[in-house]
Each structure stands twice: as C-alpha cells, then as structure tokens.
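Have a look at the structure below before the remarks.
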Amino acid sequence: AKDMCISLNRVETCETRSAYDHETVDNGKHTMGQWRLDHIFYTSATLKPCAYWSTLESDGESSIIGLPNRRYGSDHLPIGAIFRLLPTPKLSEDEKAALLKIMKDISNRQKRCIAERQTELDAELAALEAKITPVASVVFDSGSRKNNNEKNGPPPQAIVDFMRKRRSVLRTLKDTQKKERQQWIST
C-alpha cells in the first residue's frame, strides 16, 4: 500500500530566518540562514489553495533578527492556508476495476524486475566470493572438526565495494520505478 501512495503538493510559503547561529556569509555580510521550517501538504485532486498566511519576511523586525524573538517565543510561526474544495473524482465500477488491474500489473512487473536484478546480483556476489575465498578446509584439532572459513575480521574490500554497488543499483532501480508510478499517477 505504501508503494501506491499518491504524491502531495506543498503550499508555496517563503523561507524564514532562524535566530540561531546558522549564519551564511554573503559578500562579507553575515545573515541568518533561511529555510522552510513548516509545511502544509495537500492533494491537488480535491483541494486548491486560495490563500495562506504570510511568512516571517512580512514582519520587518522578525525578518532582521529571526526566530525566536521577544514577539514570537518559538522558532516556528503558526502557518495556515485556505483551500477551495474541488469535486471529488468519481470512477465507475468498471473504471475502478481497470485502474486496480493496471496498478497490480505495474506492481507485479516491478517486483519481478527487482527479484530478477537481486538474483543477478546474488550470482555476481557468489562468483566474487568464490574468487576471493579459498576452498573450505577442515582442520582436526583434538579430535574435533573446525571450519577454517569462520568469519574473522571485516570482509575483503572487494566484497564491501560490491555490497555498496549492490545497494546503489537497487536504490536506483527503486527510484526509477517510483518515478514511473508517479508519472503514471499524474497522467
């Protein structure tokens, strides 16, 4: 269900200045850093923003000294927005069924793609480990068997590099798939 969530929009409030020592230097002048401290998220399918409270920049004194200050005791200003409700989109039962089938098909295809890529990466890892790790040998010590392949210390650098590559490859694949879902949702 988490993979099927619809993207949200953010009300475009301006940055505010913090009174804490997050300074930036601009042409030799020290200024307070600017961030969007708080956010209002909404879905454009059913809401349209009409107005929002002004940000700190509209208050001259607070704009200069930042937050918190003697007028505003918090480092966050209250924020608010007015929205116009849009008609709720309605689908017929056939449209719902078709939409769910498309979503399930996309999800199943993407899951298969990830599983296939993981299988390929597992094979690459096994080949790399076979190259690096000597054949297991068994040593007899006082009549008991001891495996010399027990893990001692960190893995070889080649394995560490491969695992980083593996995470990067899978992360990139998942990001690409997420963009595909978002693009499909927006159409």
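Count residues from 1 along the sequence. Keep in mind the model is a prediction, meaning the values are calculated, not measured.
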Surrounding CD of Q157 (heavy atoms of other residues, nucleotides or ligands, distance under 6.0 Å), is the total greater than 12? yes
Does the pair Q177 and I106 meet the rule for a side-chain contact (heavy atoms from CB on, under 4.5 Å), with working shown? CA-CA 9 Å; Q177 291 179 343; I106 289 172; over 6 Å; no
Atom of K96, atom of L91 and distance for their closest heavy-atom approach: CE-O, 3.5 Å
Step by step, work out the side-chain contact (heavy atoms from CB on, under 4.5 Å) result for V11 and Y42. CA-CA 8 Å; V11 173; Y42 67 98; 3.9 Å; yes
To the nearest 0.5 Å, what is the distance between OG1 on T43 and CG on L86? 9.5 Å
Could you give all pairs that pass the side-chain hydrogen bond (donor to acceptor under 3.5 Å, both in side chains) test and reach residues 166-176, with sequence neighbours left out? D122-R166
When you look at I132 and F162, which way does the side-chain contact (heavy atoms from CB on, under 4.5 Å) test go after all the steps? CA-CA 12 Å; I132 293 173; F162 179 82; over 6 Å; no
Could you please spell out the steps behind the side-chain contact (heavy atoms from CB on, under 4.5 Å) verdict for R117 and R112? CA-CA 9 Å; R117 190 64 179 122; R112 275 193 314 273; over 6 Å; no
Check I40 against G80 and note the closest heavy-atom contact, atom names and distance. CD1-C, 3.7 Å
Nearest 0.5 Å please: distance from the CD atom of Q118 over to the CG atom of L170. 5.5 Å
Quick check for you: to the nearest 0.5 Å, what is the distance between L173 atom CG and Q110 atom CD? 8.0 Å
Atom NZ in K104, atom CD1 in I102: separation rounded to 0.5 Å? 12.5 Å
Atom pair CG/NZ of L128 and K165 - distance to nearest 0.5 Å: 9.5 Å
Residues K90, E95: salt bridge by 4.0 Å N-O rule: no
Distance from R84 atom CZ to L47 atom CG, nearest 0.5 Å? 10.5 Å
Backbone N/O of M103 and side chain of S107: donor-acceptor pair under 3.5 Å: no
Should K111 and E116 be marked as a salt bridge (charged side-chain N to carboxylate O under 4.0 Å, His left out) after you check the CA-CA gap, both sets of side-chain angles, and the distance that decides it? CA-CA 9 Å; K111 286 177 184 175; E116 289 167 6; over 6 Å; no
Would F83 and L85 show up in the same hydrophobic cluster when neighbours are defined by side-chain heavy atoms closer than 4.5 Å? yes
